[in-house]
Amino acid sequence: MSLDFLAGFTIFMLALIMVVSMVPGLLAGLESSGIDYDAVAYRTGVILVEDPGWPVYPPWEMKTGAYKDEIERMGLAVSKETPNILLSTKVDAFFNDTFFTEEDYRGKAIFGDIPYSYNISLKSGSDLEQTGDPLPLGGYGYIRRVVKIKEPGIAVINDSFAPQYTAPSSDQEFIVRLNFSKLLDPTIGAAYRIDPRTEPVNVTITDFGAYLNRTDPLVDNATLRTVTFWKMDPTRPIPQFTKIPFSYGTVDSNLYTLHIDGTPTLHSLRPDEKVFNNISLVLKPAATSVFTLDQNSILDIRFNFGDTPSRTNITGIHHYDYNPANVTIPALSTGVLEVAIW
Amino acid sequence: MVNDGGQLYTMEGVAAGVIMLLTAYIVISTTSVYTPGDTHIPDMQLEQLGSDVLAMMDTPDREGTESDLERFISAGDSADFEGMFLDYCNMTASDTDDLHMSANVTYREASSNVIKEHLFVEPDNTWTGRESAVRVTRWVQLDYRINPGTYDGSRTQAVLVEVLLWRA
Amino acid sequence: MACMNEDGQWIVLMGLLTALALFFLALIINQSALVGQTTAEGVLEFPKNDIRDLRSEIFDYIDRFGTMNFDGDAIRKDIIEISLARKNAVVGFTVGDPQDISGRMLRPVTIHYYNGVTEYDETVYY
């Protein structure tokens with residue numbers, strides 16, 4: 001070991017140490033979230049806000065547990081033509097994190113090979129929906145999108161309709177009629193459309209006292225026997241209403257909910273229950289999809305009351321359509337969707 | 001007598017050191033050109049947010065009604081425009097953001113075919129001119145107005161709303 | 001230099017190896033920096049929001065005026081002139097007479113957009 005070798009090696013080592021110490025400084029600006037995380041957050045934001053997801057019909061949000069694998073992509077937009085306008089049923093389905101696992105969110109909304117951590121939230125007014133891990137202090141990719149949320153319409157039949165929908169010695173049958181060719185009219189923008197195939201139909205009869213047969217002053221209720229669904233296809237040669245085969249006797253809150261007099265009890269569609277004040281029926285899109293309806297069909301929801309002697313004078317047809325007196329469509333509400341990826 | 005066999009070690013050490021340092025220098029000087037990529041991303045986020053806000057203000061809440069943006073521009077209601085814009089921009093799940101804006105409206109004077117600008121919302125005191133602001137725009141169609149406002153008379157016209165957005 | 005030996009050359013070799021490694025590292029870093037830049041630029045420079053806005057404006061215009069009339073012509077000119085002046089974009093559109101498209105009367109609309117980087121042409125029935 002000569003002194004000269006020592007000198008040469010020391011110079012080499014010193015230079016090596018200098019170079020090695022430079023390398024982390026070279027990487028410092030790049031190893032932060034700046035690059036990939038922001039791009040992934042942006043992409044996730046675009047998928048959620050500007051895309052209705054896949055499959056479109058029947059829409060992904062209606063897939064139940066066994067068919068979850070058929071969901072390719074979870075998008076929240078009402079349609080491809082309406083970016084930033086989200087459908088509330090899609091939003092509710094998306095933020096159901098007991099149904100979707102972390103893997104589902106990574107595979108159907110975030111994409112990419114790396115198992116990113118994420119936090120996705122949607123705030124509208126004071127409502128906050130959130131999924132994912134709590135945010136770290138910094139170093140995450142982020143995007144914020146301002147959106148509008150479309151809520152389903154509701155038909156409230158209160159006492160102001162009573163003169164129209166009552167007749168002495170009526171047949172005790174009340175019909176709510178949905179004419180799909182009018183509802184799905186392409187001149188109505190997708191953001192304002194009533195589409196029972198993707199949104200629930202809500203029929204609420206209130207102030208039921210106004211519909212009672214008051215010839216006997218002691219009558220304060222009537223018995224709701226059945227609620228049935230009928231359809232007609234006007235393009236057929238001899239169009240007529242046929243009763244849709246359906247499990248009317250079983251309670252299934254995924255298909256419909258029927259509440260009577262505001263109690264939390266779920267009734268079947270053959271309730272045989274006394275109605276004192278109100279009836280609320282919500283028909284979910286999952287049910288409408290098994291009715292095999294197309295864009296020309298007419299769907300009837302028929303409420304049949306039956307008492308002898310008759311205790312209600314209710315009758316007539318209520319059209320579930322774009323007339324604001326018949327169906328209240330809530331205004332679009334503003335919200336903010338945030339995606340954080342790290 | 002010093003033999004020069006040893007000097008070679010020193011020379012080779014120096015040579016190796018020079019090669020490494022030169023490489024490091026070249027590498028650093030080339031990569032540093034590209035790192036400003038970082039500043040593009042906040043711009044992108046801000047621009048996307050601003051476009052979203054204008055698009056949502058231009059979406060009527062009900063079918064067949066006038067959008068908020070159209071109403072504000074048509075009536076020259078700059079205070080409500082600014083209020084709603086900042087409200088939408090600064091909304092977050094947990095906190096509020098700190099974004100500021102100014103806006104102007106570009107219109108065309110049909111008689112002389114001159115493009116003119118009207119300062120709609122003045123920048124507030126956080127504006128120094130050195131901010132990295134982004135510009136977002138939106139077309140608005142104004143109906144025939146009985147009271148000619150600040151734009152090109154009362155005729156139906158298309159005007160361009162331009163918003164400058166920055167983080168204070 | 002008569003008795004020059006080559007025992008020390010491994011030191012130069014080491015230096016060379018380190019330099020090479022550094023070059024490869026730099027190459028990778030450069031790529032990643034480009035990824036960040038191109039993503040942001042891709043979003044900033046592709047005028048997605050501009051084109052969407054223009055389309056919705058043209059559809060709005062058709063809703064109000066249908067085909068050309070005096071007012072409509074002035075608006076058309078507004079859009080073209082202001083686009084050129086404020087957004088450096090050459091814009092043009094034509095609206096045809098309604099045609100029967102699978103049972104609906106729709107107008108053929110052609111839209112042209114060019115901002116020097118991105119060119120966009122579309123024919124749509126509205």
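The figures that follow rest on heavy atoms only: side chains count, while hydrogens, waters and symmetry mates do not. Because the structure is predicted, anything quoted here is derived from the model rather than measured. First the proteins, then the strands, lettered A, B, ... as listed; each starts at 1.
Considering all non-hydrogen atoms of both residues, C:G15 and B:A16 come closest at CA-CB, 3.8 Å. Minimum interatomic distance between C:I11 and B:G13 (heavy atoms only, all atoms of both residues): CG2-CA, 3.7 Å. Closest heavy-atom contact between C:R64 and B:L142: NH1-C, 4.4 Å. For the pair C:I82 and B:A158, the tightest heavy-atom approach, listed with the atom from each and the gap, is CD1-O, 3.7 Å.
Within 6.0 Å of CD in C:E122 there are more than 12 heavy atoms belonging to other residues, nucleotides or ligands.
At a threshold of 4.0 Å, the pair B:E109-C:K77 does not count as salt-bridged, since none of the basic side-chain nitrogens sits closer than that to a carboxylate oxygen. Look at B:E117 and C:R86 and you find a salt bridge, because one of the NZ, NE, NH1 or NH2 atoms lies within 4.0 Å of a carboxylate O, short of that distance. Remark: B:R155 engages C:D78 in a salt bridge, criterion side-chain N to carboxylate O under 4.0 Å.
Using a 4.5 Å cut-off on side-chain heavy atoms (C-beta onward), C:K48 and B:Q48 make contact.
Heavy-atom pairs under 4.5 Å with chain C peak, among B:Q157, B:R138, B:E162, at B:R138. Taking C:D60, C:D53, C:L16, C:I79 one by one and counting their heavy-atom pairs under 4.5 Å with chain B, the maximum is reached by C:D53.
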Show your working on side chain to side chain contact (heavy atoms under 4.5 Å, CB included) between C:K87 and B:R135 and close with a plain yes or no. CA-CA 10 Å; C:K87 304 176 75 149; B:R135 188 180 73 127; 4.3 Å; yes

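Residue C:S83 touches chain B through both its backbone and its side chain, counting heavy-atom pairs closer than 4.5 Å. The part of B:V140 that comes within reach of chain C is its backbone (N, CA, C, O), which places non-hydrogen atoms under 4.5 angstrom from that chain. Within the 4.5 angstrom heavy-atom criterion, atoms from both the backbone and the side chain of B:D143 approach chain C.
With rounding to the nearest 0.5 Å, the separation of CG in C:L22 from CD1 in B:I19 is 12.5 Å.
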